[in-house]
Each structure stands twice: as structure tokens, then as C-alpha cells.
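Numbering of residues begins at 1 and proceeds along the displayed sequence. If you're wondering where the values come from, they're calculated on a predicted model, not measured in any experiment.
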Amino acid sequence: MRDAIAAVQMSAEGWSPQRVMAWAFETFGNKVAISSAFGAEGMVLIDMASRVRKEFRLFTIDTEFLFPETYSLMDQIERKYEIKIERVLSLLSPEEQERVHGSGLWTRDPDRCCNLRKVEPLRRKLSELDAWITSIRRDQTSFRKSAGKIEWDAKFGLVKVNPIADWTSKQVWRYLHEHGVPYNSLHDQNYPSIGCTHCTRATRPGEDPRAGRWPGAAKTECGLHVIEPLTPFPKADA
Ligand code: SF4
């Protein structure tokens, strides 16, 4: 399997997002799922997937600190696409986290908070899959600029599929408008990138689209998509 996947890795760079997604569904069946936090890019993938395949798996890491607008969009997605979102929670409720780690962990140690509420739940979810589909784009952060459309995710030990890795933000919004896809209403209130309530603010004119994430901290990623430059597939007998 790994050799077969490695063989398509280069060709996939020229494929459309729909073809990349169709390949993932055909190759991995029920062992592949879309991961989404329901940003604009994620909404493109969800809509595309619904046109490629009637039934598909979709999961989200629910930190329990999301905006009401995000929860409302999740309900809307379930109704429109007739799917059940797999919601993955932290092992600690917000109250338990406060008891164990003190209040406002996100202000004192955001990396630890993200590990508890995002990275560990993601690792747990990915352990039941052979591949995951994400909506990352290369021009979003420096960590993402080398993302391939199909790559080996050495951090989590499965195939990672990034169908719109080479898209621009303009293409994303064109797709959403042309196809009448619902999106998070916070995007219309200067929130280009939306995460937890504690760590997201609206951006000001001229700021980087991700400037509203972890404002005041050097942090730009929660750790889910921090990858090494294009990772070759390990040999089948490795
Ligand atoms: S984004 Fe903020 S609140 Fe959410 S898990 Fe990370 S540090 Fe915690």
C-alpha cells in the first residue's frame, strides 16, 4: 500500500481537489475522515466531499471553548449535508482542567492547553484512521508552505491528504460564494481565522489573517499541522 501511495504522491500535485478527495475515499474507504474546525477552507472541503461521495466521515476537535457561531455552523452542516459530525473532546472537561492546571491555562501556557484540548484528542482520533483529509493551504503559515497534496504524516503515523494545499484565499471565497456554501458568520466580523474564544480576536485592517490567533504570543500553530518539509513515504518493510 505504501509503495502504491508513494507512486501517486507526485502526480497528485497536478490533480484537482475533487480528484484528490475521490482518490482518498477510494483508497481508504471508511478509514479516512475529513478533519475540520469549520473555517472557510474547511467548508470548501465539506461541500466538495458531499459532491464526490454521499457518505463521508467528518470529525472536529471540540475544545469546548469554541464560539457560539461555530457551534451553530456545526448544527447547520449536519442538517444541510445530512451527516453526523464526530466531535472529539479532551479527556479533561474545562472544569477538570481548571482543577488540575489552575485557571486560565491558555494565558499562562497555551502550548500545554492546546496539547490537552487539541493535540491529544487528535492523536486519539487519528489512531483509528489510515488517512486524514485537512484543509490547510501552503500560504497560511511558514509551517505549511511545504505541505504536499498527499504526504506521510510522520508526527501521527498515517497518510495526510491536503486537497487545497495550492489554493489561495481568493479561490476559497470564490468557491463558497459560487456554490452557496454556509460559513462562520464571524468571518464577516473581521475574524479570518477562528479558534477558541480565549485565543482568537478580530483582526485590524492590514494585519496578517492569522494575527488574531494567540494575540500577544509568539504561537502561530496549535501543533496539529506542524510538519517536516515534504515527508517521503516510509518503505513498506520499514
Ligand atoms: S487555542 Fe487557546 S483555549 Fe484553545 S486549546 Fe489552545 S490554548 Fe487552549
Handout entry: Pairs meeting criterion salt bridge (Lys or Arg N to Asp or Glu O under 4.0 Å) with involvement of residues 26-50, two or more places apart
Key = Glu41-Arg137, Asp47-Arg51

Handout entry: Inter-residue atom distance Ser90.OG - Leu122.CG, 0.5 Å rounding
Key = 12.5 Å

Completion exercise
d(Arg174 CZ, Trp167 CH2) to nearest 0.5 Å is 8.5 Å

Practice task
Identify whether Val119 and Leu105 are in the same connected component of the hydrophobic contact network (ILVMFWY, side-chain heavy atoms under 4.5 Å).
Solution key: no

Handout entry: side-chain hydrogen bond (donor to acceptor under 3.5 Å, both in side chains) involving Arg201 - partner list, sequence neighbours excluded
Key = Glu207

Practice task
Check whether any side-chain heavy atom of Ile150 lies under 4.5 Å from a side-chain heavy atom of Val159, and answer yes or no.
Solution key: yes

Exercise for the section: Using the rule that two of Ile, Leu, Val, Met, Phe, Trp, Tyr join whenever any of their side-chain heavy atoms come within less than 4.5 Å, decide whether Met21 and Ile83 are in one cluster. Expected result: yes

Practice task
Kindly indicate whether the side chain of Leu158, heavy atoms from C-beta on, has any atom under 4.5 Å from the side chain of Asp130.
Solution key: no

Exercise for the section: Could you list the residues that satisfy salt bridge (Lys or Arg N to Asp or Glu O under 4.0 Å) with Lys54, not counting sequence neighbours? Expected result: Glu82

Practice task
Please answer: with hydrophobic residues joined when any side-chain heavy atoms are less than 4.5 Å apart, are Ile5 and Val161 in the same cluster?
Solution key: yes

Handout entry: Point-to-point distance, once rounded to the nearest 0.5 Å, from CG of Leu58 to NZ of Lys84
Key = 11.0 Å

Practice task
Using a 4.5 Å cut-off on heavy atoms from C-beta on, say whether the side chain of Leu45 contacts that of Ser36.
Solution key: no

Exercise for the section: Examine the side chains of Asn162 and Thr134 and answer whether a donor and an acceptor come within less than 3.5 Å of each other. Expected result: yes

Handout entry: ILVMFWY cluster, Val20 and Val52 together (side-chain gap under 4.5 Å)
Key = yes

Exercise for the section: Give the C-alpha distance, both sets of side-chain angles, the deciding distance and a yes or no for side-chain contact (heavy atoms from CB on, under 4.5 Å) between Leu129 and Phe156. Expected result: CA-CA 10 Å; Leu129 299 173; Phe156 294 110; over 6 Å; no

Exercise for the section: Taking ring pair (Phe, Tyr, Trp, His ring centres under 6.0 Å) as the test, write out the residues that go with Tyr175, two or more places apart. Expected result: His179

Completion exercise
ring-ring contact (aromatic ring centres under 6.0 Å, His included) pairs touching residues 180-212, sequence neighbours excluded, are Phe65-His198, Phe67-Tyr191, Trp106-His198, Trp173-Tyr183, Trp173-His187

Practice task
For Arg123, check salt bridge (Lys or Arg N to Asp or Glu O under 4.0 Å) against everything at least two apart and list the hits.
Solution key: none

Handout entry: For Arg124, side-chain hydrogen bond (donor to acceptor under 3.5 Å, both in side chains) partners two or more places apart
Key = Glu120

Handout entry: Residues which pass side-chain hydrogen bond (donor to acceptor under 3.5 Å, both in side chains) with Trp23, listed by chain and number, not counting sequence neighbours
Key = Thr27

Practice task
Decide if atom CZ of Arg53 counts as having more than 12 heavy atoms of other residues, nucleotides or ligands within a radius under 6.0 Å.
Solution key: yes

Fill in the blank from the handout: Residue set satisfying side-chain hydrogen bond (donor to acceptor under 3.5 Å, both in side chains) with Glu95, at least two apart, ordered chain then number -> Ser93

Handout entry: Backbone of Met48 reached by a side-chain donor or acceptor of Gln18 within 3.5 Å
Key = no

Exercise for the section: Evaluate the side-chain proximity of Ile133 to Phe25: yes if any heavy-atom separation is below 4.5 Å, no if none is. Expected result: yes

Handout entry: Distance, nearest 0.5 Å, that separates OG of Ser185 from CD1 of Ile194
Key = 7.5 Å

Exercise for the section: With sequence neighbours excluded, give me every salt bridge (Lys or Arg N to Asp or Glu O under 4.0 Å) pair touching residues 60-69. Expected result: Glu64-Arg117

Handout entry: side-chain contact (heavy atoms from CB on, under 4.5 Å) assessment of Leu66 paired with Phe38
Key = CA-CA 11 Å; Leu66 304 180; Phe38 313 109; over 6 Å; no

Handout entry: Shortest non-hydrogen contact from Ala165 toward Gly148
Key = CB-O, 4.4 Å

Problem - Enclosure of Glu55 CD (heavy-atom neighbours >12, cutoff 6.0 Å) - result: no

Problem - Gln171 (side chain) donor-acceptor with Thr168 (main chain) under 3.5 angstrom - result: yes

Practice task
Determine whether Gln97 and Cys113 make a side-chain contact, defined as any pair of heavy atoms from C-beta on separated by less than 4.5 Å.
Solution key: yes

Handout entry: Any residue meeting salt bridge (Lys or Arg N to Asp or Glu O under 4.0 Å) with Glu86, in chain and number order, not counting sequence neighbours
Key = Arg57, Lys125

Handout entry: Residue among Phe59, Phe56, Trp132 satisfying side chain to side chain contact (heavy atoms under 4.5 Å, CB included) with Ile34
Key = Phe56

Practice task
Please identify each residue that fulfils salt bridge (Lys or Arg N to Asp or Glu O under 4.0 Å) with Asp75, with sequence neighbours left out.
Solution key: Arg87

Practice task
Go through Val44 and Val181 one step at a time and tell me if the side-chain contact (heavy atoms from CB on, under 4.5 Å) criterion holds.
Solution key: CA-CA 8 Å; Val44 167; Val181 181; over 6 Å; no

Problem - Side-chain (Thr200) to main-chain (Gly195) donor-acceptor, under 3.5 angstrom - result: yes

Handout entry: Sub-4.5 Å side-chain heavy-atom contact between His101 and Asp109
Key = no

